[in-house]
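Accompanying notes for the structure given below.
Only a predicted model underlies this, so the values are computations on that prediction, with no experimental measurement involved.
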Amino acid sequence: TKLSHLHFVSTETYRHRVIQMGEHPDRVFQVGALGMDAIYNTPLLSKELLEERLGFRFGKHTLLVTFHPVTLENQTAQEQFQELLDALETLEETHLIFTHPNADPNGRIISEMITHYVANHPQTTVSFHSMGHLFYFSSLQYVDAMVGNSSSGIIEMPSFRKPTLNIGDRQAGRLRVHSIIDCPPQKKAILEALRLAYSPLFQEALKTLRTPYGEGHCAQKIAAILANHPLDFILKKSFYILP
């Protein structure tokens, strides 16, 4: 941020944070999240076609699980993810779509745990190292909830008016709406959060959900600002002091 001269942020809250860092308000623009562009620009698949392409059948209940290691938390990635697997193991009539973690430290451990779990539950689970936008966003339409600690659960999932079970502190400080249920990486807490996500009252509240991350056209807004913003003396920055 301090090396940049123009700033494009996803929400008004983040705009204020950048200004608090001393950046001039005239150079900080709220444009929405780029991830929203991908949703609105992608013609999503029908459930039948998606099942055919994925080689996977959605169950009475289906969850999408995306979990990445967090190196600064007390528990190890293996311990945290095992708590999640232990919780998922108790669910009835539930199918699972796993996405493998990123290349962060301990990501390989989680990836191996996913592979082992799927091998032992071939009728109800599937895993992908990379689903791509089309399959990933199409899946979000039909799952009951996203479970894990991915930023996608905070930013993209609410646009589908579906719950996100956010485990641990990986997304701490990120702006969220009431579809996000935070819980520690513990089996009991995860199951309690899932019960809340499925509750009629929580499901009813999702019908009026509005995401703070915009409704697409983010790239167009950025391009328009870049095309029209004056560049004279832009390299000289001064620290902006809040009034």
Let me check something: any side-chain donor-acceptor pairs from residues 220-236 under 3.5 Å, sequence neighbours excluded? List them with distances.
unit_1 : atom_1 : unit_2 : atom_2 : d
Q220   : OE1    : H217   : ND1    : 3.0
N228   : ND2    : A224   : O      : 2.7

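Of all heavy-atom pairs spanning Y14 and L175, the tightest one is OH-N, 2.6 Å.
At a cut-off of 3.5 Å, with distance as the only test, no side-chain donor of T125 or H95 sits close to an acceptor on the other residue. Residues T42 and H133 have side chains that never bring a donor and an acceptor to within less than 3.5 angstrom of each other. A side-chain donor from one of Q171 and R174 sits under 3.5 Å from a side-chain acceptor of the other. There is a side-chain donor-acceptor pair under 3.5 Å between E89 and H121.
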Open item on the list: Please determine whether ring-ring contact (aromatic ring centres under 6.0 Å, His included) holds for the pair F202 and H178, giving the CA-CA distance in whole Å, both sets of side-chain angles, and the decisive distance to 0.1 Å.
Closed with: CA-CA 9 Å; F202 192 89; H178 64 265; 7.2 Å; no
TODO: Under the side-chain contact (heavy atoms from CB on, under 4.5 Å) rule, what do L206 and K162 come out as? Steps first, then yes or no, please.
DONE: CA-CA 7 Å; L206 293 175; K162 299 289 185 69; 5.6 Å; no
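Taking the six-membered ring for Trp and thresholds of 30 and 60 degrees, F56 and F58 have ring planes more than 60 degrees apart, a perpendicular arrangement.
To the nearest 0.5 Å, atoms OG1 (T62) and CD1 (I97) are separated by 6.5 Å. Atom OG of S159 sits about 7.5 Å away from atom CG of L140, to the nearest 0.5 Å. Here the straight-line distance linking atom CD of E92 with atom NZ of K60 works out to 9.5 Å at 0.5 Å rounding. Separation of atoms CE (M146) and CD1 (I180) is listed at 9.0 Å; rounding is to 0.5 Å.
E215 is linked by a salt bridge (charged side-chain N to carboxylate O under 4.0 Å, His left out) to R210, counting only residues two or more places apart in sequence or in another chain.
No more than 12 heavy atoms of other residues, nucleotides or ligands shown are found within 6.0 angstrom of CG on L201.
Taking the six-membered ring where the residue is Trp, the centroids of F98 and Y117 are separated by under 6.0 Å.
Between the side chain of N149 and the main chain of R170, no donor-acceptor pair closer than 3.5 Å is present.
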